[in-house]
Each structure stands twice: as structure tokens, then as C-alpha cells.
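Heads up, the thing below is written out as C-alpha cells.
FYI, side chains are in, hydrogens and waters are out, and symmetry mates aren't considered; it's all heavy atoms of this structure.
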Number of protein chains: 2
Amino acid sequence: MSRTKRPINIRDVARAAGVSTMTVSRVINNPAVVAPLTRERVQQVIDELKYTPSSVARSLRSSRTYTIGLITVDFADHFFANLSVGAELEARRRGFRVMLSSTERNPNNEREFVTLLAEQRVDGILLARDAIQVPRDPLTDPLPVDVPIVSTGFFRPELALCSVDIDNVDGGRLATDHLLDHGHRRIAILTGPVDHKAAVDRLEGYQLALSRAGIKLDPHLIVHAHGRQPDDGYMAMNELIQREVNFSAVFVYSDALAIGAMRSLRRAGLRIPDDVSIVAYDNIDFAAFTDPPLTTVQQPIQELGALATRILIEYIETGERPVPITILRCFLVERGSVKSRPPE
Amino acid sequence: MSRTKRPINIRDVARAAGVSTMTVSRVINNPAVVAPLTRERVQQVIDELKYTPSSVARSLRSSRTYTIGLITVDFADHFFANLSVGAELEARRRGFRVMLSSTERNPNNEREFVTLLAEQRVDGILLARDAIQVPRDPLTDPLPVDVPIVSTGFFRPELALCSVDIDNVDGGRLATDHLLDHGHRRIAILTGPVDHKAAVDRLEGYQLALSRAGIKLDPHLIVHAHGRQPDDGYMAMNELIQREVNFSAVFVYSDALAIGAMRSLRRAGLRIPDDVSIVAYDNIDFAAFTDPPLTTVQQPIQELGALATRILIEYIETGERPVPITILRCFLVERGSVKSRPPE
DNA sequence: TTGTAGGCGTTATCAA
DNA sequence: TTGATAACGCCTACAA
């Protein structure tokens, strides 16, 4: 069983090439200073023996692993999957590897993972947090380790964690303005659960847009869904309809909720967008294929992952704590769920 | 800037506790063998100093990293995202870490990543391959490294890579049998692009089921989509309809294609499931919310990731090459897109 | 029960 | 231009 044999090391190469290990090391890391003839001979031996330098030994020597730890809530989730892709791409581009950990949506696992990653001596940690409010931040207590951390999701000034995030207030504003621009005045909002930070933020953006437009807020037009599934959107829309308040448009917290909400509207005999216009949020793959296709706010998720990673790596390289918070803007993807409301 | 200071090492602890490094090491790895009093004192110092043993040094010493490399095509993709989740969970449960790499759907990157991971001295590699046929397997040439690899996707006997996969032939059989059980006899198939192994396999399953049921194959009932997007399904279904062959049911390669196919059917004035029954494949989140909700074949993707990881880790631990190929079965998720066809 | 010595594979430093 | 030496942090083997 060939696996038991020890991998080729730098000494094997040195011996076979008749040079010292230092020369081999130089051929790998700084070939210019090695005499061309020597260099060539050594390189040939390296190829023949299929020598790959051990990152482990290098890391021990240099106390750098060129690895970042990525702690994520659940990377099968559309948001975190895309964030991870962005992070991995950016890390690779900069010569870093990514080590994965999923908290399985339990924030209390964060501490454990930070410790684990510290043990791995990762150069830094990217903490891709959920936007769900937690009674007590598991990282509030002084951390067991002193490693650069950049987080996504919550901004916690008391942690002095640097955070990169998406501007959900502006996203809510954007969606609402789009409906206002189409002449709507009675605009409802079907937002997410109250413990979702993003739900609160998007609601704030909605309120902001309305108040700027000089429209008085009607609390009857505000519903919170109880979860993130289409069914929750269905039920929330049912509730809105039961209130028998007049509205010609809705801003819905997410595409997933919108799918349920649309079903509820149809069941109530309301046509989309003729009777009710909808702007949703996320632009999941499916949003282009609902009936009608959803106009929706898209978040630059991959960019978020990439930017957070870039900031983290700069933090690692320079040792300078980055600006505490950086915000990324959403943009609108227009499709068929919004219709102009002719002035009456 | 506190980051520059060197992390606490075992010698710092030993000194502070007035013992040798070996005693500290034993407190960590084999506490039973240390005198209770000593143990307690050392443990206290460990806690005070927040000492975390360096995995890097351990790995150098033991030539084990307890890390597996995961090479994936694109882990924002539903399939690979779930596979990765399964892999990470299983790895963690067994005390392994996961290092991520994405080939961005370019199989030629595989070699590079294998080398990179070998440099990291990962204990093994999980190769989550795409099921797209490639003119030449980039790993066919002898690998530069001798590390346990388990793959998913293609089985390559010539590589002597062990492979874990999902039984797509049986999945196609399952879908078709379901339609047969509902009395359908004229069953079309809208399968994937010809270079997708899974598309070929599912077609084979379809043929198998029909032939077992004593139904003669009608090539006019077979269409290949040109891509994986809903639009490709739309166009493929248009083609099928244009052929003006009679059919009362379709087995569609994926939920994504089915979404487009349903649109095409509706446009042609065909009702689902009254005029045409559909069984699709994948059970993506959205499948429950189409109109009607899709009956679909679900693949045990997370289990696939977990099983492949388990096999890989066993390979690592025992050094024994696992059985070359292991197959996992799909199951049917019944919803509203299939209706019995009354015997005429 | 505890300690000493040595080496895992690499590279910075200094010397030749 | 090349080489000898030492050290990174840990743990196996052996000794006390």
C-alpha cells in the first residue's frame, strides 16, 4: 500500500540533486539568485520526484497559513452559498485557501468554531452571520483568540468586529420608490419576521420612502410574516386581505414570501399586476419564472463575500483594523409584477 | 497592535506552570496519566493564558492534518451546495476539517487543485465532479500526488478512483414507473443535454421501465433540452408539441426544465395534470410552489456528500481502497402534477 | 509520574 | 552563488 510511504521532502531533492536543502528552497522561492545551471538541475529533480513543498512545515516556520476560516450559518442557503463563492474566489485570487465551517444556524456554535479555527492557525476569520437577532451575542465575551475577524450580518460596535453588509434600508427604499414612481400611493409592505434585522431595515426603508413622498404611514398596510417560507407569505397576505384596507401595490420581503403572497392574491381574485403590483427581494433563480415574473431587488451577495474577504486579507497583511462598517447597495431587477397605476 | 505578538505556545505554559512541556502535552492529550494536582495546575495555566495547541505543529509532527479537501464544480449550485453541507457535517462529526476549492465548472482546474491540496497535506480529497462528459479526463494522467481520493459524478475505472454516486438510471425508472402506475402509456421524456451523463442515465431508466411494461419505444417521444435553464425546457417542450405526437405524460429531466416546459404546455392550451401529467427531478425548493406543485424525484444529495466523506475518511484511516463504486437511490415526492389516466 | 532529547520539513541568518 | 545551522511548536521514545 503505497500510501504509507512518506512524501518526498526537500532533503530528498537536495540529495538527489547533489546540493543543499537551501539551494532547493531558493530554487522554489527565489530562483533568480540561483545559478542557472544549478537551478535547472534542481528543477529537473523536483519534477522527476514530483516534489511538493509542505505547506505545513512552511506554516510552522513562517507562522502564516494563508488560510482564512469561513464561518457560515448554512451554506446551502442561497444567500450564504453565494457569499461563500465570492469569498472563495477572492481568497484564491489572493493566494489564500478557505476552511469551511457551518454553525447549522445555531449562533452558539460560533465560539467553538472560532476556537477551532484558531487552533488551525488560520490567518483570519470571515464570519458570515445570519441576520437574526439573538438575545446575547455569543462573541460578546472577550474572544479566546487574537485573530483578525471580519463579519457580515450584524454590526456590533461593542465587539470591535469590522463588518461588511448590505444596505437593506436602502433596498427597502428602492423597492418602495419604484412603486411610487409607478404612481402607487396605497402601498402595503409584507415584511419578514420581527427578529430578522433585514426585515426591520427594509421596513425602515419603506417608511423612509413614503415619508419623503409625503405619504402618511398607515399601520394597517404593514404585515410581518412569521417565517421565511412561501406558506408564511401566503398567510401574511391572507391577513392583509382580511383587513380590508385598500392597496394597489405591495413590497414583499423576499421572493420566497412573494410566491406564497401571489397565491393568496390570486385566490382572492386579485390579478397581478393589474390589481396589485409587487416588488419582491432577492432575485432567486425562480423569480424570473413566476407568473408574472417578479420585479425584485437584488443584493450583490457574491460581491459582499468578495469584498469582505478583500478587507479581511488587507487586515491580515497590514495588521490595521479596517473601517468598522462598509455598506453595499442593492439594485432593482425589473420584470413583470409592477404596473403603472393611472392617476384617478 | 496586539496581533504581532506570537501566540502562546506549549513552552510558555510549561514555564508558567513550572513543569516540562511534556507534562503540558500530556494534560492535553492524555490527562489520565498526569497526577491530579499537576493536571489541575497546568489546566489552570492553560485557561489563564488561553493556550490553544497549534494544529500546524501537530500536523508536522504527526504528518496528519485531519483535513480533507473538497473540490467542487460550483458550490452555489443546488446540488453541490447540498453535497458540501453533507460533507462538512460528516467530516466535522469525525473530527475533520474541510478545505474548499471551486473549479468554476472548468474540469481542467482539477489537476491544479489536487496539487494545491496536496501541498496543504490534506489527508484526502473529495472530488465532487460535474456529470458533464468531458473529452478527456484531466485526472487520467498519473496524479502528481499519492493521496486518497473519492469522487462523485463520474466513475472512471481507469483512474482507480473510488466513486459514490446517485443512481440516475433507477431515478428515471422510478419516475416512469410512477406514470405507468397511473395508467399512462404514451409517455414522453424531456431529458437533459446529451453530454450530461445524468441525462443519458435517466433516459436509460425511462427506456428500461417502458420495456419492462411491454411498451414499444417511440423515438418521437424523446427530446433533449440544449441546456439546464427553464428556457431550454420551454423550447424543448415546444419542439415536442410541434411533432404532433400524442402523449398524456412527460418525464422531465429537472425541475428547472419543468418550469419552462409547463409554460410551454400552458401556452399550447394543455392543462396540467388534466391533459398532461408531469414527473420532474430534483425537488428544488420551488417545486412545491409551481402551479400545480411538481411531483418530482428527489436525490439524496446531502447523504451523498456524507457517505462519500465517510468512505473517504475510512480510506484515510485504514489505508484500504474502498469498493470502487457505491450507488444511492432516489425517491419520489408526490405532489399535484400527475393524474391517473382512465383506461379508454 | 515526570523529564530529556530529537526530529517532523522548512527557511532566515550568517558564513564561506 | 552556495552551504551550515538553528528554530518554528509539538509529541514519540526513552530515561529517571
With sugar-phosphate taken as primed atoms, P, OP1 and OP2 and all else as base, the protein-contact string of nucleotides 11-16 of chain D at under 4.0 Å (heavy atoms; B, S, -) is BB----
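For A/Thr23 and D/dT1, the shortest distance from a side-chain N or O to OP1 or OP2 is not below 4.0 Å. Phosphate proximity of C/dG9 to A/Ser54: absent, as no side-chain N or O sits under 4.0 Å from OP1 or OP2.
Where B/Ala35 and B/Ala57 meet DNA chain C, the nucleotide closest to each residue was compared, and B/Ala35 sits on the side nearer the 5' end.
For the 3.5 Å distance criterion, the side chains of B/Tyr66 and B/Arg97 fail to qualify, holding no donor opposite an acceptor.
Counting only heavy atoms from C-beta on, A/Val19 has its side chain closest to D/dG3 among D/dG9, D/dG3, C/dG9.
With sequence neighbours excluded, the residues forming a side chain to side chain contact (heavy atoms under 4.5 Å, CB included) with A/Ile46 are A/Val13, A/Val24, A/Val27, A/Ile28, A/Val42, A/Gln43, A/Tyr51, listed by chain and number. Annotation: salt bridge (Lys or Arg N to Asp or Glu O under 4.0 Å) contacts of B/Glu104 (sequence neighbours excluded): A/Arg92. For A/Ala91, the side chain to side chain contact (heavy atoms under 4.5 Å, CB included) partners at least two apart in sequence or on another chain are A/Ile68, A/Phe96, A/Val98, A/Thr309. Among residues two or more places apart in sequence or in another chain, the side chain to side chain contact (heavy atoms under 4.5 Å, CB included) test is passed with B/Asp74 by A/Val85, B/Ala76, B/Asp77, B/Arg105.
Among the protein residues, A/Val56 comes within range of no part of the nucleic acid, since none of its heavy atoms lies under 4.0 Å from any strand. No engagement by B/Ser62 is indicated, since no non-hydrogen atom pair under 4.0 Å with the nucleic acid exists. If you check every strand for non-hydrogen atoms under 4.0 Å, B/Ser59 touches nothing.
One atom, CG of A/Asp12, and another, C1' of C/dG9, lie 10 Å apart when rounded to the nearest Å.
Contact record, B/Ile311 with B/Val150: CG2-CG2, 4.2 Å, taken as the closest heavy-atom pair.
Around atom CD of A/Glu48, more than 12 heavy atoms belonging to other residues, nucleotides or ligands sit under 6.0 Å away.
Direction change of the helix axis from one end of the helix from C/dT1-D/dA16 to C/dA16-D/dT1 to the other is 40°, with five pairs defining each end axis (rounded to 10°).
Between the CG atom of A/Leu70 and the CG atom of A/Leu83 there is a distance of 7.0 Å, given to the nearest 0.5 Å.
The closest side-chain heavy-atom distance from B/Tyr315 to B/Cys162 is not below 4.5 Å.
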